[in-house]
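First up is the structure itself, then whatever we jot down about it.
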Amino acid sequence: MTTELESTRRALRDAIAEAERAAELARLLDAAQAKLAEAERATEELRSMNERLAEAESELETERTAAERLRKELAEQRYQAEVAQWKLSSLKVARWNRIGDAIKTGKSNPVRLAKGLKGAAKPVKRPVAPKRKPIAVTAQKDDRPGAAFQATSTTRTVEGRSVRLKPFRIPTGPNTRPHLTAAVIADPHAEALLRYEWRQTTGFTPRDFARVLAAEVPHLLVVESVTQGPWAEEITGEPGEGVRELLAWCAARGIRTVFWHTGGTVADYAVTAELFEYRFTTDLTAGWPRLPFAVQPRVHNPLPLSGGRYDRVLTLEQLLPAHLGYPDVLTSYRWPVAVDCPPGTPHWRLAELAACGTSIGPEADSRRAHAALRRAYAAGTMTERVDELLETIGLPSARATLDISVILPVPDSSRLEHALAQVVKQSGVTQVIVFGHPSIEERAREVLAPREVVFREQDPSVSTGAMLNRGLDLCEADLVAIMDPRDVYGSHYLADLRRAFLFSTADIVGKASYYAHLRGAHATLLKQPESEYTYTPEVNGATLLARRNALRAIGFADLTEGWDEVLMRQCRTDGIKVFSADRFGYVRVRDEDRWLLGAAHLVEYGSAEPHALI
C-alpha cells in the first residue's frame with residue numbers, strides 16, 4: 001500500500017512538473033507570437049516606408065525634369081522677347097522711319113520739317129542683336145560608373161496583364177582600379193561588365209575621338225565586336241578610316257589596343273582585329289586567347305528590388321521581352337521568384353540570373369538558388385577576367401584584396417577541436433588570432449598550418465571586448481572575422497560573407513537572418529528571414545566580418561556580455577553601414593535561449609544543419 005501511495009505521489013509530482021513546463025512553454029510561445037506579430041508589423045511598416053520613399057524619389061525626379069524643362073522654356077521666351085524688342089528698336093532708328101516721322105511732324109511747319117529731315121539724314125547707331133544665353137546647370141554631371149546607365153522601364157506584361165515594378169538602381173562608383181583608364185567601344189552588355197573595373201571613357205565617335213580622349217589619355221583601348229552605333233560599320237569587313245585613325249592615334253601615344261570578339265562571325269571582324277596589338281574572344285572555336293563573359297558583382301548580385309519579388313515562375317521569353325535595354329534586363333533578372341529557362345540558354349545568361357539570386361527551374365527553391373549563386377561567382381567574376389587581360393597585355397592589375405584575419409577566443413579548452421575545425425575549412429583566411437589556455441597553443445598551430453597563427457593567453461579578468469581589441473591590434477588582413485567556438489560554421493561561410501563586399505557599400509557584414517539550434521528543446525529556429533541581403537541596424541556578433549580600418553576606428557566596448565550590441569549602436573551613431581547577408585552557412589548553438597525563442601520562427605524539432613548548411 002505504501003509503495004502504491006509513493007508511486008502515486010511521484011506520478012502526481014511528475015504531472016505537476018510537466019504541467020508547469022507546459023504552462024511555461026505556452027507562456028513563451030504566446031510571448032514569441034506577440035513579438036513575431038510585432039516584428040511582422042514593423043517589417044510591413046518598413047516595406048511601406050521604402051515603397052513611399054521610392055515613389056517620392058520618382059516623383060522628385062519627375063518634378064526636377066519638369067522644372068528643368070520649364071527653365072528652358074522660360075529662357076527661350078525671354079530670348080524671343082529680347083529679339084522682338086531688338087527688332088522694334090531697329091525699326092525706330094531706321095533712316096526711312098525717321099524721315100517718315102519728320103515729314104509727319106513737320107508737314108505744317110517748313111522750319112520744323114527742314115530740321116527733322118536734316119536730323120534723319122544723320123547716321124544713328126543701331127542696337128546690338130541679343131544672343132542666346134547659356135542655361136545655368138543646376139547640378140554637376142555625375143561621371144561615376146553607372147550614373148547615366150539606369151533602368152527606366154517600370155512595367156512588364158505577363159499573359160496580357162500589366163505589372164508594375166520598381167526599377168533596379170544601377171550602382172555608381174567606385175571602381176576596382178581607379179589608377180587605370182580605359183577607352184571602351186562596346187555594346188551595353190559588355191559596357192556594363194567593364195565599367196566598374198577601371199576609369200572608363202565611352203561615347204566617343206570616329207569624328208571626335210581625338211578631342212574626347214585627349215581630356216584624359218587612356219592606358220588602353222578596348223573595342224568589342226559591336227553591332228550598333230557609329231563604330232559598327234568601321235570594324236565590320238574592311239576597316240574604316242575612323243578606326244585606322246583611332247589606332248594610329250593610340251600608337252603615337254603608346255596606348256595598348258585590344259579587340260574583344262563577343263558575337264557574330266569571327267571572319268567579319270578578322271581584318272580589323274589584325275590591326276590591334278591584342279585579340280581576345282568568347283568563341284571556343286576561334287584561335288585567339290579566350291576572354292569569356294563573367295558576372296559583374298556590382299550589377300549581378302542578390303540585392304532585392306524595392307517591393308520584393310513577383311510571386312510567379314516566368315519563362316525566359318516572358319522575363320526578357322525584346323525591347324528591353326540592358327539596364328532594364330538587370331531589373332528583370334531579380335524580379336520573379338523563379339525563371340524556367342529552355343535548353344540552349346547561353347551559359348552567361350544562366351550565370352547572370354543565378355548571381356541575382358533567382359531560382360532557375362520550374363519552381364522556386366531558395367537553397368538551390370543560393371548554391372547556383374555560389375557556383376556563378378566561383379566560375380569567375382569580370383574582375384578576375386580583367387586581371388587575366390591586363391596580365392596578358394602587360395599592364396598592372398593591382399587592386400584591393402579581401403584576405404581575412406580571424407579572431408578566435410577559446411575560453412573552454414574542451415571546445416578546441418570543434419572551434420579549430422570551423423576555421424580550418426574556411427577559404428581566404430591568412431591569419432588566425434587565437435586566445436586560450438597555453439596548453440592549446442601547439443595543437444592550434446598544428447591544425448591551422450600553413451596559416452599564420454598568433455597565440456595569446458586568455459586572461460579571465462579581461463572582458464571579451466578588451467580581448468577583441470587586443471586581437472584587432474594583431475590583425476593584418478583587410479577583413480577581420482570574429483568566430484564563436486560554440487557555433488557551427490559551414491565550409492562556405494566566410495566566402496559567402498566576403499562576397500557581400502563586392503556589391504555592397506557596407507564596412508561591416510554579418511547575419512541578422514540565421515538558423516539557431518536549442519539543445520534543451522532540440523528545436524531549430526530561424527531568426528528574421530526578411531533580413532537577407534539588406535542594410536540593417538545590427539547583425540549577430542558571432543557572424544561579424546568587417547573592414548579592419550573601420551573596425552579599428554570604432555573599437556569594442558570593455559564588456560563581456562552585449563559587446564556586439566554596443567558595437568552596432570556605435571555604428572548607427574557614426575553612420576557606418578551594416579549589411580546582412582544570406583541566412584545560410586551558420587548555426588547559433590545554445591543549450592537554451594529564451595530571448596531567441598521569443599524572436600525567431602520555429603522551423604522544426606531536430607537538427608539545424610540540414611537547413612543551414614549547403
Student check: side-chain heavy atoms of [X] and [Y] closer than 4.5 Å:
X: Thr331; Y: Ser153; answer: no
X: Trp260; Y: Thr282; answer: yes
X: Glu352; Y: Leu193; answer: yes
X: Ile554; Y: Ile576; answer: yes
X: Ile170; Y: Gln150; answer: yes
X: Pro346; Y: Phe293; answer: no
X: Gln200; Y: Asn175; answer: no
X: Arg588; Y: Lys527; answer: no

Is there a donor-acceptor contact under 3.5 Å from the side chain of [X] to the main chain of [Y]?
X: Gln422; Y: Tyr489; result: yes
X: Glu592; Y: Gly520; result: no
X: Asp328; Y: Thr152; result: yes
X: Thr201; Y: Ala183; result: no
X: Gln426; Y: Gly490; result: yes
X: Gln318; Y: Thr315; result: yes
X: Ser491; Y: Lys425; result: no
X: Arg583; Y: Glu532; result: no

Parallel, tilted or perpendicular for [X] and [Y], by the 30°/60° rule?
X: His517; Y: His522; result: perpendicular
X: His189; Y: Trp348; result: tilted
X: Phe503; Y: Tyr377; result: tilted
X: His300; Y: Tyr333; result: tilted

Rounded to the nearest 0.5 Å, how far apart are [atom1] of [X] and [atom2] of [Y]?
X: Glu538; Y: Thr536; atom1: CD; atom2: OG1; result: 6.5 Å
X: Ile235; Y: Ile185; atom1: CD1; atom2: CD1; result: 7.5 Å
X: His492; Y: Leu497; atom1: NE2; atom2: CG; result: 13.0 Å
X: Leu353; Y: Leu373; atom1: CG; atom2: CG; result: 11.5 Å
X: Arg349; Y: Cys341; atom1: CZ; atom2: SG; result: 9.0 Å
X: Leu390; Y: Leu180; atom1: CG; atom2: CG; result: 6.0 Å

Which heavy atom in [X] sits nearest to a heavy atom in [Y], and how many Å separate them?
X: Ala512; Y: Ser580; result: N-OG, 3.0 Å
X: Leu526; Y: Ser513; result: CD1-OG, 4.3 Å
X: Trp231; Y: Phe204; result: NE1-O, 2.9 Å
X: Tyr533; Y: Leu303; result: O-CD2, 4.3 Å
X: Leu602; Y: Ala523; result: CD1-CB, 3.9 Å
X: Ala376; Y: Val295; result: O-CG2, 4.0 Å

Between the side chains of [X] and [Y], is a donor N or O closer than 3.5 angstrom to an acceptor N or O?
X: Thr383; Y: Glu197; result: yes
X: Thr202; Y: Arg195; result: no
X: Thr262; Y: Glu224; result: yes
X: Arg334; Y: Asn301; result: yes

Is atom CD of Glu233 surrounded by more than 12 heavy atoms (other residues, nucleotides or ligands) closer than 6.0 Å?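 Atom CD in Glu233 is not packed in, count stays at 12 or less.
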Check whether more than 12 heavy atoms from other residues, nucleotides or ligands sit under 6.0 Å from atom CZ of Arg590, and answer yes or no.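 It does: Arg590 CZ has more than 12 such atoms within range.
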One pair to check against side chain to side chain contact (heavy atoms under 4.5 Å, CB included): Ser225 and Phe259. What are the steps and the verdict? CA-CA 8 Å; Ser225 51; Phe259 186 84; 4.0 Å; yes
If the test is side chain to side chain donor-acceptor pair (under 3.5 Å), which one of Asp487, Thr543, Asp484 qualifies with Tyr586?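 For Tyr586, the side chain to side chain donor-acceptor pair (under 3.5 Å) check succeeds only for Asp487.
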Steps toward side chain to side chain donor-acceptor pair (under 3.5 Å) verdict (Arg309, Thr358): CA-CA 9 Å; Arg309 289 185 180 268; Thr358 301; 2.9 Å; yes
Should Glu604 and His611 be marked as a side chain to side chain contact (heavy atoms under 4.5 Å, CB included) after you check the CA-CA gap, both sets of side-chain angles, and the distance that decides it? CA-CA 10 Å; Glu604 70 167 4; His611 299 277; 3.1 Å; yes
Dump the intermediate steps for side chain to side chain donor-acceptor pair (under 3.5 Å) on Asp283 and Thr285, then the final yes or no. CA-CA 5 Å; Asp283 190 345; Thr285 63; 2.8 Å; yes
With a 4.0 Å cut-off on N to O distance, would you call Arg177 and Asp387 a salt bridge?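 The answer is yes: the pair qualifies as a salt bridge.
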Test side chain to side chain contact (heavy atoms under 4.5 Å, CB included) on Arg164 and Arg156 and set out the steps. CA-CA 6 Å; Arg164 186 175 180 182; Arg156 300 289 187 274; over 6 Å; no
Begin from the C-alpha positions of Leu305 and Tyr310 and carry the test side chain to side chain contact (heavy atoms under 4.5 Å, CB included) through to its verdict. CA-CA 10 Å; Leu305 292 182; Tyr310 182 50; over 6 Å; no
